[in-house]
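This report concerns only the one structure given below.
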Number of protein chains: 2
Amino acid sequence: MYKVLIVDDEQGIRDLVSKYCSLEGYTYGVAGDGLEAIEKVRNEDYDIVCMDVMMPELDGFSAVREIRKFSNIPIIMLSARTETYDKIHGFEIGADDYIGKPFSPKELMLRINAVMSRANMQKSVSEVFDNGRLRVDFTARIVSVGGNAVDLSPKEYELLFFMVKNRGIALSREKLLNEVWGYDFYGDDRTLDTHIKLLRKSLGDCAEYIVTLRGMGYRFDG
Amino acid sequence: MYKVLIVDDEQGIRDLVSKYCSLEGYTYGVAGDGLEAIEKVRNEDYDIVCMDVMMPELDGFSAVREIRKFSNIPIIMLSARTETYDKIHGFEIGADDYIGKPFSPKELMLRINAVMSRANMQKSVSEVFDNGRLRVDFTARIVSVGGNAVDLSPKEYELLFFMVKNRGIALSREKLLNEVWGYDFYGDDRTLDTHIKLLRKSLGDCAEYIVTLRGMGYRFDG
DNA sequence: GGTTTTTTGAACTCACCGTGAATTTTTTAA
DNA sequence: TTAAAAAATTCACGGTGAGTTCAAAAAACC
């Protein structure tokens, strides 16, 4: 999932955008002005920036120009002014999209997704895990055991995908519930057990790859 | 190097695009409305046209229609309106690409390059998908099932085209709505379902190629 | 104005998910 | 070594929500 850097001097806007980012399942960081934004882009690992134009210390345009000197991270500009100048100027200095205030958070999310999918176009490498017996194609969402495709339920897919992506790593029950079910899931402990069981059943011969770590969680050994 | 004709009634846009054309090493000319554009395409020696849709005197669509009577020069349409109609209509009357405003100059340059390299390849190489039972001709916009051409509605074409172009890839509902309907579509969730249903019905025997991925979206398996 | 196409809302179905209880396995303590 | 406790596995059942379908309204097109 994407990590979004939200840059705005208004606390209200930051809270609003961050809330919607969470809802979309994105993680985020915030910055209150242009200088802080540059700092964070340089030192932390963001996927996209949403930047207000009008800010103290260093305005959005200057910040973008600075960032473009060392990074081509996607940037979406936010501006209260609706004049064309802002828009054109924003693109000129290297922004990827522009959205006028007031904007609907939903629209912002759509634009983030659009910009990201455009950015991802280039690197459309088919992610696949294959060890001869088990094959997991993340992009096609196809899982085969010994050459035969198996049908999995949505939760089984997500659980398996997460475990395979983190293969060789001990995953606590809590971690699995958080990552696969979501942070707001307060469900029963048996839920995870049951889905592990179902997944093992679906995987047949390959069930053994999911090893139980008693008192801890599970690990995928491929 | 290419010579680009920039057609827009806004001075700002003309300046922006022309500046980027220079940076890419292209030469350019400008026109402020459709009539002027037709005039210049007829009398001067351009390689490609970037044309705004909304202009005084003669709008972009009409201008393209007129130009197509005597020239098949590549044309990229620019439009502030985000409606799908514009896009489809633009392609229908002979535009080679479509880009929604606000656009980033970077993206426009990419498209210009893409369109030109496409145009430079043999034009007779029409893009076609054909697996024996189903045939999808993207350029001619013809779909046949078992040798018999089938009539599809515009949305059905768009949906099928996108799915076939991305065959073998799991496409989320969100992705499909974004790409086929546009990222400003706030419609009902049932819209996609319904069009999938209509498309399956139209495809008859080949309906099975569209597989449902519960909790996720759809995938075209050709 | 009539026709086609798209969108919407509502009804329906069924696969799936989460839960609690029973069972088995493993660990700890006596 | 055995008994008790803890953790994991398994099972079966009820509610739910995602997808399908339909019909009718709305929009776009001629």
Side-chain angles (χ1 to χ4, degrees), chain A residues 141 143 150-160 162-163 170-182 184-204 207-220, chain B residues 61-62 65 81-93 141 143 150-163 170-178 180-182 184-204 207-208 210-219:
Chain A
R141 211 179 168 84
V143 174
V150 292
D151 257 347
L152 300 184
S153 79
K155 268 283 174 313
E156 289 174 299
Y157 273 114
E158 286 184 50
L159 184 56
L160 178 64
F162 183 75
M163 295 193 74
L171 300 164
S172 69
R173 298 171 149 270
E174 196 198 346
K175 177 90 178 168
L176 285 166
L177 284 169
N178 279 346
E179 295 291 334
V180 179
W181 273 261
D184 53 344
F185 182 78
Y186 293 105
D188 199 273
D189 230 28
R190 298 289 72 71
T191 299
L192 178 56
D193 295 328
T194 300
H195 283 276
I196 289 282
K197 177 206 176 295
L198 292 172
L199 185 53
R200 278 172 169 159
K201 190 178 174 190
S202 297
L203 292 184
E208 63 195 46
Y209 292 145
I210 299 173
V211 309
T212 305
L213 304 172
R214 183 161 258 264
M216 207 282 179
Y218 300 89
R219 186 184 63 228
F220 185 90
Chain B
F61 289 142
S62 310
R65 212 178 287 118
R81 279 196 286 167
T82 48
E83 286 115 84
T84 320
Y85 168 72
D86 266 19
K87 194 183 286 187
I88 295 176
H89 194 54
F91 286 133
E92 241 166 30
I93 62 176
R141 214 179 166 85
V143 174
V150 292
D151 255 348
L152 300 184
S153 78
K155 265 281 174 316
E156 289 175 294
Y157 274 114
E158 291 270 312
L159 184 56
L160 179 63
F161 285 2
F162 183 75
M163 295 193 74
L171 300 164
S172 69
R173 300 173 144 266
E174 197 196 349
K175 176 94 180 167
L176 286 166
L177 284 169
N178 280 347
V180 179
W181 274 261
D184 56 339
F185 182 77
Y186 295 97
D188 199 271
D189 228 28
R190 299 285 73 73
T191 300
L192 178 57
D193 295 328
T194 301
H195 282 275
I196 289 282
K197 177 197 173 320
L198 292 173
L199 186 53
R200 278 172 169 160
K201 192 177 173 190
S202 298
L203 292 184
E208 64 195 47
I210 300 173
V211 309
T212 304
L213 305 172
R214 183 165 262 262
M216 210 281 175
Y218 299 89
R219 185 184 64 225

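Letters go in sequence order (proteins before strands), and every chain restarts at 1.
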B:Ile210 CD1 to D:dG19 P, in whole Å, measures 15 Å
Identify whether any heavy atom of B:Tyr218 sits under 4.0 Å from a base atom; if not, whether one sits that close to sugar-phosphate; answer base, sugar-phosphate or nothing.
-> sugar-phosphate
For A:Met163 and A:Ile210, the nearest pair of non-hydrogen atoms, with its separation, is CE-CG2, 4.1 Å
Write down the distance between NZ (B:Lys155) and C1' (C:dT4), rounded to a whole number of angstrom.
-> 14 Å
The nucleotide from C:dG20, C:dT7, C:dG18 with an atom nearest the side chain of A:Trp181 is C:dG18
Under 3.5 Å side-chain donor-acceptor pair for A:Arg200 and A:Thr212 | yes
Could you label the plane-to-plane angle of the A:His195 and A:Trp181 rings as parallel, tilted or perpendicular, counting under 30° as parallel and over 60° as perpendicular?
-> perpendicular
Nucleotide C:dT6, atom P - distance to CG of B:Asp193 in whole Å | 16 Å
Is there side-chain contact between A:Leu192 and A:Thr194, with at least one heavy-atom pair below 4.5 Å?
-> no
Roughly, in whole Å, what's the span from CG in A:Leu192 to P in C:dC17?
-> 13 Å
Considering all heavy atoms, the nearest A:Arg141-A:Tyr157 contact | O-OH, 3.3 Å
Look at B:Arg173 and D:dA18 and indicate whether a side-chain polar atom (N or O) is within less than 4.0 Å of OP1 or OP2.
-> no
For A:Lys175, does the NZ atom have more than 12 heavy-atom neighbours from other residues, nucleotides or ligands under 6.0 Å away?
-> no
Sub-4.5 Å side-chain heavy-atom contact between A:Arg173 and A:Tyr218 = yes
Would you say A:Thr191 reaches C:dT19's phosphate, i.e. side-chain N/O to OP1/OP2 under 4.0 Å?
-> yes
Give A:Leu213 one of three labels, base, sugar-phosphate or nothing, depending on what nucleic acid heavy atoms sit under 4.0 Å from its own.
-> sugar-phosphate
Heavy atom of residues 194-204 of chain A under 4.0 Å from DNA chain D: which residues?
-> A:Thr194, A:Lys197, A:Arg200
Which atoms form the tightest heavy-atom contact between A:Ser202 and A:Asp151, and what is the distance?
-> OG-O, 4.4 Å
Integer-rounded Å distance: C:dC16 C1' and A:Leu152 CG = 13 Å
When rounded to whole Å, the CZ to P distance for the pair A:Arg190 and D:dG14 reads 21 Å
If you restrict it to nitrogen or oxygen atoms, what contacts under 3.5 Å exist between nucleotides 25-30 of chain C and the protein, and what is each distance?
| residue | atom | partner | partner atom | Å |
| --- | --- | --- | --- | --- |
| C:dT25 | O2 | A:Arg214 | NH2 | 3.3 |

Interatomic distance, B:Glu156 CD vs C:dT5 C1' [rounded to whole Å] | 9 Å
Measure the distance from CE on B:Met216 to C1' on D:dG17 and round it to the nearest whole Å.
-> 18 Å
For residues A:Leu159 and A:Leu176, report the shortest heavy-atom separation together with the two atoms involved.
-> CD1-CD2, 4.2 Å
